[in-house]
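To find a chain, count down the sequence lines: A is the first, B the second, and so on, and within it residues start at 1. Small disclaimer: the values here were computed from a predicted structure and weren't measured.
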Protein chains: 4
Amino acid sequence: MFDIDIQSRIPIYEQIYNKVIELIIKGILVENAQLPSVRNLSKELNVNPNTVAKAYQELERSKIIYSLSGRGSFVSEIDREKMKERILEDFDICVRETLQFGLTKDELKNRIDGVSL
Amino acid sequence: MFDIDIQSRIPIYEQIYNKVIELIIKGILVENAQLPSVRNLSKELNVNPNTVAKAYQELERSKIIYSLSGRGSFVSEIDREKMKERILEDFDICVRETLQFGLTKDELKNRIDGVSL
Amino acid sequence: MFDIDIQSRIPIYEQIYNKVIELIIKGILVENAQLPSVRNLSKELNVNPNTVAKAYQELERSKIIYSLSGRGSFVSEIDREKMKERILEDFDICVRETLQFGLTKDELKNRIDGVSL
Amino acid sequence: MFDIDIQSRIPIYEQIYNKVIELIIKGILVENAQLPSVRNLSKELNVNPNTVAKAYQELERSKIIYSLSGRGSFVSEIDREKMKERILEDFDICVRETLQFGLTKDELKNRIDGVSL
DNA sequence: GTGGTCTAGACCACG
DNA sequence: GTGGTCTAGACCACG
C-alpha cells in the first residue's frame, strides 16, 4: 500500500507525504481514519521512524491529517471538490508546458485516449 | 530568456538544462546555433560559472548540445519527432497520475480546452 | 461549559485545569461548589478519565480545589485579589512581548478599546 | 543575541524560530540579511545542528526566511505592517482572555503603564 | 561551506 | 502505545 522507492531522488518523507494524499483521494483513507503509527509504518517500510514522523508532521502542518496526542494520526475533513480542483490545476501546468512546446490541444486529447493506468 | 528562479528547490543547473531544451523545442534555439558562453550566461543569471558549466556538461552528455573546444557550445542536430515523443511521454505520466485520482479522460479533455498559454 | 479542543497542542489536562480556573474567576464555579466527577466529566468531554483525574490532581496541588474522599471535588476558598493579580501578571508578559517588538503603550491602549468579547 | 533556554518547556527549535522573528521585527535582522549558518548557530547555542535546521526549515515554510542552496539562509521580504497587525491580533487574544475574567479595560490600561521592559 | 536527508537511538509527555 | 523532541553523526547535492 505504501510502496516507496528508496532509490528515488525524491526524499522518502516526501514519497510518504504524497502517498498519503494519494490514498486519501483514492478513497482508501477516509475521513477520520487512523493512519498506521509512526513506528509501525517505519517497520513496514524499513525506514527510520524519524523519516515517517517528518512526513506525518508535514501532513499535519498542511492540515491533511491531525494527531491526537497519545492516540495517533488521523485523516482530516476532506473537501473533495477542493482537492479535485488542486489536482486539475497541477494538470493545467502539465498541459501548459506541453503547449509551450508547440503541441496542439488535439494532439493532447488523442494522447489521453492511449493512456492506461 | 533564461529566467530562472534562484529560490526554487529545483537545482539551478537543472533549470538551465530544462530551459535550453525548452528553447530548442520552441524553435528559439535552432540547430547549430551558438549558446551563450558559460561566463556570459553566469553573469547574466548571476550564478556561479560552475553551475552553468554543469548544465552544459549534462546537455552535452545527453547529446542535446555539442561543444567545440575554444569556440563554444552549439545546438546539436534535432530529431523533432523524438523530442515530441519524449514530451508526450512526460505528459502521459501527468495524465496517469490524474486518472489514479479518479478523474475521467473526458474531464481531462474538457480541462485542456480551458487552458491558455 | 468545558469546551476543550482535543486537537490542540495544549495538553487536554492543562485545558481542563485552565478552564476550571476560568470558571471560578467568572463566578460560574463558586466557593465550595462541587465539580463534576472525574467519571462524568470524562464522559462529557469524551476523554480518558486519567486525563481529567490529572487535571483535578494538579488543581488540588495548587489549592484551587479540594477533594473529600468518596464525596468529590470542590472549589476552595477564593482570594479574588490574589487571582486578579495572577491574571495581571500574565497580562504583563503579553504586554512586554509586544513592547519588545517596538509597539508603544499608547498603541496598546488604543487597541484595547477595539477589543470586544 | 540568540539566547535560548534549554530548560524551558518550549522546544529549542521553537525558541530559535521565535527569536528569528523577534530579531526581524526589532530590525536587527533586515531584509536579505544572511542568518548564521546552521552549523555556526548550533555551535554558538551548543545544540545539535539538526535542531537549528528544523527551526530554519519551519521559518522557510512560513516564508519568513529563504535559503539559497549552497549559499545559506536569508531574511525574506518583510511586510512590517502585516507583522504589526499579527502581533496586535495576538495581543487582542491576551486582552480578551483578561476581560473574560472580569477585568475592565481601564484596569488593563493602568496596568500597561506599570510595565517596563 | 551551505543546507537537506537519513539513520540509530534516546527520553519525554500524554493518555 | 502514541507522537514530539533531541543528540550524534553520516552522506549528499549544490555552488
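- Counting any heavy atom pair closer than 4.0 Å across all strands shown, D:Gln34 reaches no nucleic acid atom.
- The stretch residues 44-52 of chain A touches DNA chain F through A:Asn50, each having a heavy atom within less than 4.0 Å of the strand.
- In the set F:dT5, E:dT5, E:dG3, the nucleotide with an atom closest to the side chain of A:Gln57 is F:dT5.
- In this structure, OH of D:Tyr56 is placed 17 Å from P of E:dT5, rounded to the nearest angstrom.
- The closest side-chain heavy-atom distance from D:Phe74 to D:Ile65 is not below 4.5 Å.
- Put simply, D:Ser37 has a side-chain N or O that comes within less than 4.0 Å of OP1 or OP2 on E:dT2.
- Side-chain contact check for D:Val30 versus D:Val75: every heavy-atom pair is 4.5 Å or farther apart.
- The closest side-chain heavy-atom distance from C:Ile12 to C:Val52 is not below 4.5 Å.
- Residues B:Met83 and B:Ile24 form a side-chain contact, since some pair of their non-hydrogen atoms from C-beta on lies under 4.5 Å apart.
- Taking atom NZ on A:Lys54 and atom C1' on E:dC6, their separation rounds to 9 Å, with Å as the unit.
- By the 30° and 60° cut-offs, the orientation of the rings of A:Phe91 relative to B:Phe91 is tilted.
- With hydrogens and angles ignored, no donor-acceptor pair under 3.5 angstrom links the side chain of D:Arg39 to the base of E:dG1.
- Positionally, the nearest nucleotide of DNA chain F for A:Pro36 lies more toward the 5' end than for the other of D:Arg71 and A:Pro36.
- When the C1' atom of E:dG1 is taken as reference, atom CG of D:Leu41 falls 16 Å away, rounded to whole Å.
- Rounded to an integer number of Å, the gap from C:Lys43 NZ to E:dG15 P is 19 Å.
- One finds a salt bridge joining D:Glu14 and C:Arg9 here, because a Lys/Arg side-chain nitrogen approaches an Asp/Glu carboxylate oxygen to under 4.0 Å.
- Contact check for D:Leu59 versus D:Ser62: no side-chain heavy atoms found under the 4.5 Å cut-off.
- Within residues 2-18 of chain A, no residue has a heavy atom under 4.0 Å from DNA chain F.
- Contact annotation: D:Ser69 does not reach the phosphate of F:dA13 (side-chain N/O to OP1 or OP2, under 4.0 Å).
- Judged purely by atom type and a 3.5 angstrom limit, C:Glu31 has no side-chain atom pairing as donor or acceptor with the backbone of C:Ser76.
- A close approach under 4.0 Å does not occur between any side-chain nitrogen or oxygen of D:Ser67 and OP1 or OP2 of E:dT2.
- Between the side chains of C:Asn48 and C:Tyr13, no donor-acceptor pair is found at a separation under 3.5 Å.
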Show me the dot-bracket string of DNA chain F, counting Watson-Crick or G-U pairs under 3.5 Å, with | for pairs to another strand and [ ] for crossing ones. ||||||||||||||.

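- The pair D:Lys26-D:Glu22 counts as a salt bridge, with a side-chain nitrogen and a carboxylate oxygen less than 4.0 angstrom apart.
- Using a cutoff of 4.0 Å between basic side-chain nitrogens and carboxylate oxygens, A:Glu58 and D:Arg61 are scored as salt-bridged.
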